[in-house]
Amino acid sequence: MRVHLIAPSREENPGTHSRTSIAPPLNLAVLASISPPEVEISLTDENVEPIDCGQAADLVGITATTQTATRAYQVADAFRARGVKVALGGLHPSTLPEEAVQHADAVVVGEAEGVWPHLLSDLRDGRLQRIYRGNGRPQLAGLPIPRRDLFHRKRYLLSDSLYTSRGCPFGCAFCSVTSFFGGTYRWRPVDEVLREISELDGRPLIFFVDDNIAGHKEYARELFLALAARKVGWIGQASTTIARDQGLLALAAASGCRGLFLGIESLSPASLGSVGKRQNVVEEYEEAIRRIHAHNIAIVGSFIFGLDDDTEDVFDLTVRFAQRTRLEAAEFNILMPYPGTPLMARLEREGRILTRDWSQYREDRAVFAPRLMSVRRLEEGRAWAWREFYSLGSIWKRVGLSAPMGLMVWTMNLEHRSDPLSRAVFDRLASWASPFFQDMLEKRPADDQRPSRNS
């Protein structure tokens, strides 16, 4: 049996973008690892290579978020037109299975471990079902190692990604993680995480894809202590609350943490409260960033525009804050009401959803009516924020030559610029920045020997 797995492009016009990406689609590598050994697996990530819709396969499995749903349906329809069976899964099909099944022979709802082997067995026996739902949440112990051999590793800046947990302890109204994982927060045995790391080539720079790697403090301490003995470098995602526990933060740094993606979201307490992100305290932001930087950990800050209390000055205030605190990188996105979230339900009740055309559900577009500004102003303000923050002058003032992971941080900043020269430089740097940084990890000084970020 031949199964071809596909991650559709995140770009609006596939084929017009660069052929380098930040990280590979780990979920598909996990899916490949739980397939029976007699199944022949191939994989295409359209973010780094084109899809061959004429490829021979008994089944095509496509993962989709809301952002990629329209493209996923196009690809699925192309294969089905040739008589190839198609299975859809991921965040969006799990939320809207009856919609997704119009473009597929089968839809996997939720986590695939409990149903994927059963689906393949049904396919072999000619009795494929329309929708497959798992019975409960899969245990995270004893899972096989993801099939990373299916990736074109040199096409990713962070080629070694893995997860230690699924879900998040918080329930922000705009986040689809809570609904997809059923409000659960589960983690893998630390010894199995270490075993997976030992199978990676050399001493890698690891990207932990957990939605909140420090969501359970005791587990995080156990994990960080174990990682410290392995002398690896890693990047992950966490809440700003990690800075409140200075012992845990120091342990994260000692374990090899070199960068954190932080959901800062807004500088307005009222806006944060309106979307249930009460774990963030605006008055603590600058001190939290200072503490993280003091450990030579780079920060990618995530900000949302279009919250109900946002006025037209939010763009300038947010960018100046991100520049003043010298965030190594940042994302500025328009509030997105993903299907299945409390935010979508509320905006629908209020009659503020403008479209359900999923191709429009992109971080640079407003698909709802903002309260205190026009759709046009929201979209223009967001575009200005990206241009201003990622201007060459801004990058130099924030990053200079002394930032943690300087080469990689410059590479990531160039990735966010839209001009052809920056994109070309990013493609070239991305192919060797990660190996270069891994070499630097071998030579990194002890924490007390590093120059202070604030000196």
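What you see is a predicted model; the values in this text were computed from it and never measured.
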Without swapping roles, check the side chain of [X] against the backbone of [Y] for a donor-acceptor pair under 3.5 Å.
X: Glu328; Y: Ile299; answer: yes
X: Glu192; Y: Gly142; answer: yes
X: Ser271; Y: Leu267; answer: no
X: Thr95; Y: Leu91; answer: yes
X: Arg398; Y: Phe389; answer: yes
X: Thr241; Y: Gln279; answer: no
X: Thr70; Y: Ser359; answer: yes
X: Ser94; Y: Gly90; answer: yes
X: Ser159; Y: Tyr156; answer: no
X: Thr318; Y: Val314; answer: yes

Closest non-hydrogen atom pair between [X] and [Y], with its separation:
X: Glu388; Y: Ser391; result: O-OG, 3.1 Å
X: Pro97; Y: Ile131; result: CB-CD1, 4.0 Å
X: Tyr390; Y: Ala330; result: OH-O, 2.5 Å
X: Asn47; Y: Pro8; result: ND2-O, 3.6 Å
X: Asp210; Y: Leu162; result: OD1-O, 4.0 Å
X: Ala238; Y: Leu260; result: CB-CD2, 4.2 Å

Decide yes or no on ring pair (Phe, Tyr, Trp, His ring centres under 6.0 Å) for Phe224 and Trp234, but give the supporting numbers first.
CA-CA 11 Å; Phe224 296 163; Trp234 61 270; 5.5 Å; yes
Can you tell if the side chain of [X] reaches within under 4.5 Å of the side chain of [Y], non-hydrogen atoms only?
X: Glu348; Y: Phe368; value: no
X: Cys175; Y: Cys168; value: no
X: Leu248; Y: Arg221; value: yes
X: Leu96; Y: Pro339; value: yes
X: Glu113; Y: Leu143; value: yes
X: Leu59; Y: Met1; value: no
X: His103; Y: Val86; value: no

Please evaluate residues Thr44 and Asp52 with respect to the criterion side chain to side chain contact (heavy atoms under 4.5 Å, CB included), reporting the C-alpha separation (whole Å), side-chain torsions for both, the decisive distance (0.1 Å), and the verdict.
CA-CA 9 Å; Thr44 296; Asp52 177 8; over 6 Å; no
N-O pairing of [X] and [Y] below 4.0 Å:
X: Asp58; Y: Lys85; value: no
X: Arg148; Y: Glu196; value: yes
X: Asp308; Y: Arg346; value: yes
X: Arg71; Y: Glu46; value: yes

What I want to check is whether the side chains of [X] and [Y] have a donor and an acceptor closer together than 3.5 Å.
X: Asn280; Y: Thr240; result: yes
X: Thr65; Y: His92; result: no
X: Arg186; Y: Thr184; result: yes
X: Tyr73; Y: Gln102; result: no
X: Thr355; Y: Asp357; result: no
X: Trp358; Y: Glu99; result: yes

Hey, what do you get for [atom1] ([X]) to [atom2] ([Y]), rounding to the nearest 0.5 Å?
X: Arg2; Y: Glu40; atom1: CZ; atom2: CD; value: 7.0 Å
X: Asp160; Y: Leu158; atom1: CG; atom2: CG; value: 9.0 Å
X: Asp310; Y: Phe305; atom1: CG; atom2: CZ; value: 8.0 Å
X: Ser239; Y: Ile213; atom1: OG; atom2: CD1; value: 13.5 Å
X: Trp116; Y: Ser33; atom1: CH2; atom2: OG; value: 11.5 Å
X: Met336; Y: Ile304; atom1: CE; atom2: CD1; value: 10.0 Å

Between Arg166 and Phe180, is NZ or CZ placed under 6.0 angstrom from the six-membered ring centre and within 45° of the ring axis?
no
Are Tyr185 and His216 an aromatic pair by the rule of ring centers under 6.0 Å?
no
Hey, mind stepping through Glu350 and Arg371 against salt bridge (Lys or Arg N to Asp or Glu O under 4.0 Å) and telling me if it holds?
CA-CA 11 Å; Glu350 296 172 359; Arg371 282 187 64 237; over 6 Å; no
Evaluate the salt bridge (Lys or Arg N to Asp or Glu O under 4.0 Å) criterion for residues Glu199 and Arg195: first the C-alpha distance (whole Å), next the side-chain angles of each, then the deciding distance (0.1 Å), finally the verdict.
CA-CA 7 Å; Glu199 301 236 350; Arg195 189 177 311 122; over 6 Å; no
Go through it in stages, so that I can follow the logic: the residues are Ile235 and Phe261, the test is side chain to side chain contact (heavy atoms under 4.5 Å, CB included), and I'd like the CA-CA distance, side-chain angles, deciding distance and then a yes or no.
CA-CA 8 Å; Ile235 296 172; Phe261 182 96; over 6 Å; no
When Arg382, Arg362, Glu265 are each screened for side-chain hydrogen bond (donor to acceptor under 3.5 Å, both in side chains) with Asn333, the one that passes is Arg382
Sequence-distant partners of Asn27, side-chain contact (heavy atoms from CB on, under 4.5 Å), two or more places apart
Pro25, Thr63
Taking it one step at a time, do Gln237 and Asn212 satisfy side chain to side chain donor-acceptor pair (under 3.5 Å)?
CA-CA 5 Å; Gln237 303 179 76; Asn212 191 339; over 6 Å; no
Hey, is CZ on Arg127 packed in by over 12 heavy atoms from elsewhere, all under 6.0 Å?
yes
Can you tell me if CZ on Arg10 sees more than 12 non-hydrogen neighbours from other groups inside 6.0 Å?
no
Assess the residue pair Tyr132 and Val109 against the criterion (side chain to side chain contact (heavy atoms under 4.5 Å, CB included)); give the C-alpha distance rounded to whole Å, side-chain angles, the decisive distance to 0.1 Å, and a yes or no.
CA-CA 6 Å; Tyr132 289 81; Val109 176; over 6 Å; no
Going by ring-ring contact (aromatic ring centres under 6.0 Å, His included), Trp187 matches just one of Tyr219, Phe208, Tyr163. Which one?
Tyr219
Enumerate the side chain to side chain donor-acceptor pair (under 3.5 Å) contacts for residues 134-143, please, sequence neighbours excluded, ordered by first and then second residue.
Glu111-Arg137
